[in-house]
Amino acid sequence: MVGVSNSMAADVVVIGGGPVGLLCAIALKAAGIDVLLIAPQPRDDHRTTALLAGSVTALTTLGVWESCRTHAAPLVSIRIVDATRRLVRAPEVMFHAEEIGLDAFGFNIENRHLIAALAARAAALQVARVEAAAQAVTSDSAGVTVALADGVVRARLAIGADGARSLCRAAAGISSDRHAYPQSALTLNLAHDRPHGNGATEFHTEHGPLTLVPLPGERSSVVCVLDPATADALSLISDAELAAEIERRACSLLGKMRAEPGRGLYALATETAHSFARARIALVGEAAHVVPPIGAQGLNLGLRDAATLAEIVADARRQKADVGATDILERYDRQRRADATTRRIAVDVLNRTLLTDFLPVQSARGLSLFLLDRIGPLRRALMREGVTPGAAQPRLMRGEPV
Ligand SMILES: Cc1cc2nc3c(=O)[nH]c(=O)nc-3n(C[C@H](O)[C@H](O)[C@H](O)COP(=O)(O)OP(=O)(O)OC[C@H]3O[C@@H](n4cnc5c(N)ncnc54)[C@H](O)[C@@H]3O)c2cc1C
């Protein structure tokens with residue numbers, strides 16, 4: 001950690017020390033960029049993330065995955081169960097990673113372990129870090145100034161990795177489209193009596209999915225999407241009552257359950273910034289886009305932002321260009337918009353088909369799952385797109401250095 005003498009300078013400042021900001025700072029440092037990370041210690045995060053293949057490759061390439069490996073469980077199958085009580089119910093569908101030639105779709109890891117591994121790697125690479133929050137960000141034609149409580153930092157480019165309520169997004173004058181869903185996600189981790197066999201299960205209900213994702217040992221993480229009143233009520237009951245409730249909702253699939261400490265409650269929304277970069281400020285992760293926790297897309301998208309931006313900045317620096325110039329920011333926006341938009345639409349459509357009582361939509365959803373169950377090439381195409389997007393992957397996600 002570095003202290004702030006009244007004024008500091010770097011080529012690039014990354015603001016925010018969540019997983020996306022940390023990965024971005026590491027990737028830039030690994031490419032030889034003069035980078036400063038402005039990041040207070042993050043709050044305890046007991047959520048887990050299903051890291052898909054490209055994210056795991058990027059973490060491996062940057063020397064982070066080694067420290068994650070023992071904390072992560074492979075995800076070899078995904079089962080979807082229609083647990084609605086509607087007239088038209090979909091058949092159960094099972095996806096296996098081996099059908100698309102993979103050992104696993106990805107790995108599930110607790111965010112606290114992922115963040116610790118990233119922070120340790122950043123420290124090992126001597127990424128300069130100021131453990132403080134940015135108070136204000138202003139840009140001019142020559143650079144960007146970040147005000148801290150006890151000084152200022154000047155850089156060519158500021159990367160806003162400061163989450164959904166991004167100060168950087170506001171500072172860049174970028175507005176966003178936000179849609180709140182009538183749903184909340186309750187999260188917790190559980191130990192259970194029966195093995196999960198490294199398979200995830202999604203029970204689709206009228207209020208959203210209940211998803212059980214494997215953790216190492218006989219443990220799983222739970223994301224339970226509910227109407228807000230029920231989610232609030234469940235968040236207040238005792239550990240034993242909550243474990244029994246999840247066991248009931250999961251039809252005792254994993255036997256008796258015991259809740260681990262640390263629950264989370266998240267209001268569900270989708271939000272997309274109108275631009276991902278402007279006025280020497282580029283947005284990554286939830287500062288740029290928020291998607292509901294359905295289909296494990298949010299952080300995987302954010303890591304692709306970080307890897308793409310690091311690559312564009314590194315290329316610009318090799319050509320001795322200004323890393324905060326407008327054409328660099330426009331290139332980043334162009335390269336990330338399609339991926340972020342497609343994922344948002346896919347998650348939104350999936351979520352809305354669960355929520356609707358409109359019979360034709362329920363029928364269409366049932367038919368889609370029926371076709372997915374029966375038609376191999378369709379299943380495999382969907383699985384491949386879910387794990388590795390068709391859009392061009394940044395070098396890090398292909399196992400190449402930045
Ligand atoms: C219930 C749930 C389950 C999820 N599961 C998955 C999953 O399985 N797979 C997946 O891909 N995604 C998942 N997601 C999405 C994922 O959690 C987010 O995409 C991810 O946390 C976003 O990371 P981030 O680094 O962009 O933002 P954050 O994690 O929000 O980090 C932002 C950081 O910026 C810091 N900050 C804020 N303001 C300032 C400031 N002014 N100065 C300095 N620092 C600042 C904060 O302290 C914080 O540390 C899930 C989300 C939820 C709600």
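Indexing begins at 1, ligand by ligand and atom by atom, following the structure's order.
- Protein heavy atom at the shortest distance from atom 45 (C) of ligand 1 is D162 CB, 3.9 Å.
- Contact annotation for T48 and ligand 1: only backbone heavy atoms (N, CA, C, O) come within less than 4.0 Å of the ligand.
- Listed for the Q297 side chain is no donor-acceptor partner under 3.5 Å among the backbone atoms of V291.
- In this structure, E241 contributes its side chain and S238 its backbone to a donor-acceptor pair below 3.5 Å.
- Given atom 26 (O) of ligand 1, the protein heavy atom at minimum distance is E286 N, 3.0 Å.
- In L299, the parts holding a heavy atom less than 4.0 Å from any atom of ligand 1 are both the side chain and the backbone.
- In this structure, R169 contributes its side chain and A164 its backbone to a donor-acceptor pair below 3.5 Å.
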Criterion side chain to side chain donor-acceptor pair (under 3.5 Å) on T230 and D227, from CA distance to verdict: CA-CA 6 Å; T230 309; D227 68 90; 2.6 Å; yes
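- Using a distance-only test at 3.5 Å, with no hydrogens or angles considered, no donor-acceptor pair links the side chain of S166 to the main chain of D162.
- The single protein non-hydrogen atom nearest to atom 25 (O) of ligand 1 is V20 N, 3.2 Å, given as residue, atom name and distance.
- Within ligand 1, counting atoms from 1 as listed, the ones closer than 4.0 Å to a heavy atom of G163 are 27 (O), 30 (O), 32 (C).
- Closest to atom 4 (C) of ligand 1 among all protein heavy atoms lies P293 CB, 3.7 Å.
- Those atoms of ligand 1 that come under 4.0 Å of a heavy atom in T49, given as number and element, are 7 (C), 8 (O), 9 (N), 10 (C), 11 (O).
- Near A133, the atoms of ligand 1 lying under 4.0 angstrom from a non-hydrogen atom of the residue are 42 (N), 43 (C).
- Each of the following atoms of ligand 1 lies closer than 4.0 Å to a heavy atom of P40: 43 (C), 44 (N).
- Of the possible donor and acceptor atoms, none in the side chain of N198 sits under 3.5 Å from a partner among the backbone N and O of L75.
- Nearest protein neighbour of atom 53 (C) of ligand 1, counting heavy atoms only, is R47 NH1, 3.2 Å.
- Which parts of ligand 1 touch T187 is read off a 4.0 Å heavy-atom cut-off, strictly below it: atoms 1 (C).
- Nearest protein neighbour of atom 48 (C) of ligand 1, counting heavy atoms only, is G18 N, 4.3 Å.
- When heavy-atom distances to ligand 1 are checked against a 4.0 Å cut-off, A164 has no atom that comes that close, whether in backbone or side chain.
- Distances below 4.0 Å separate heavy atoms of G285 from the following atoms of ligand 1: 26 (O).
- Among N111, T187, N189, N108, the one residue that satisfies the side-chain hydrogen bond (donor to acceptor under 3.5 Å, both in side chains) test with S221 is N108.
- Each of the following atoms of ligand 1 lies closer than 4.0 Å to a heavy atom of I15: 42 (N), 43 (C).
- One N or O on the side chain of N300 and one on the backbone of L52 form a donor-acceptor pair closer than 3.5 Å.
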Verdict with supporting geometry, D305 and H289, side chain to side chain contact (heavy atoms under 4.5 Å, CB included): CA-CA 10 Å; D305 298 340; H289 43 67; 2.7 Å; yes
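- Contact annotation: for Q297 versus ligand 1, heavy atoms closer than 4.0 Å belong to the backbone alone.
- Note that CD of Q135 and CG of L148 are 7.0 Å apart. Values are rounded to the nearest 0.5 Å.
- The protein heavy-atom contact nearest to atom 8 (O) of ligand 1 is A50 N, 3.0 Å.
- In this structure, the protein non-hydrogen atom closest to atom 42 (N) of ligand 1 is A134 N, 2.9 Å.
- Without hydrogens or angle criteria, R263 side chain to L188 main chain gives no donor-acceptor distance under 3.5 Å.
- Of the possible polar contacts, none joining the R129 side chain to the G17 backbone as a donor-acceptor pair under 3.5 Å is found.
- Not a single heavy atom of G302 sits closer than 4.0 Å to an atom of ligand 1.
- Every atom of ligand 1 with a heavy atom of A161 under 4.0 Å away is listed here by number and element: 32 (C), 33 (C), 34 (O).
- Classification of the Y332-F276 ring pair by plane angle, with boundaries at 30° and 60°, yields tilted.
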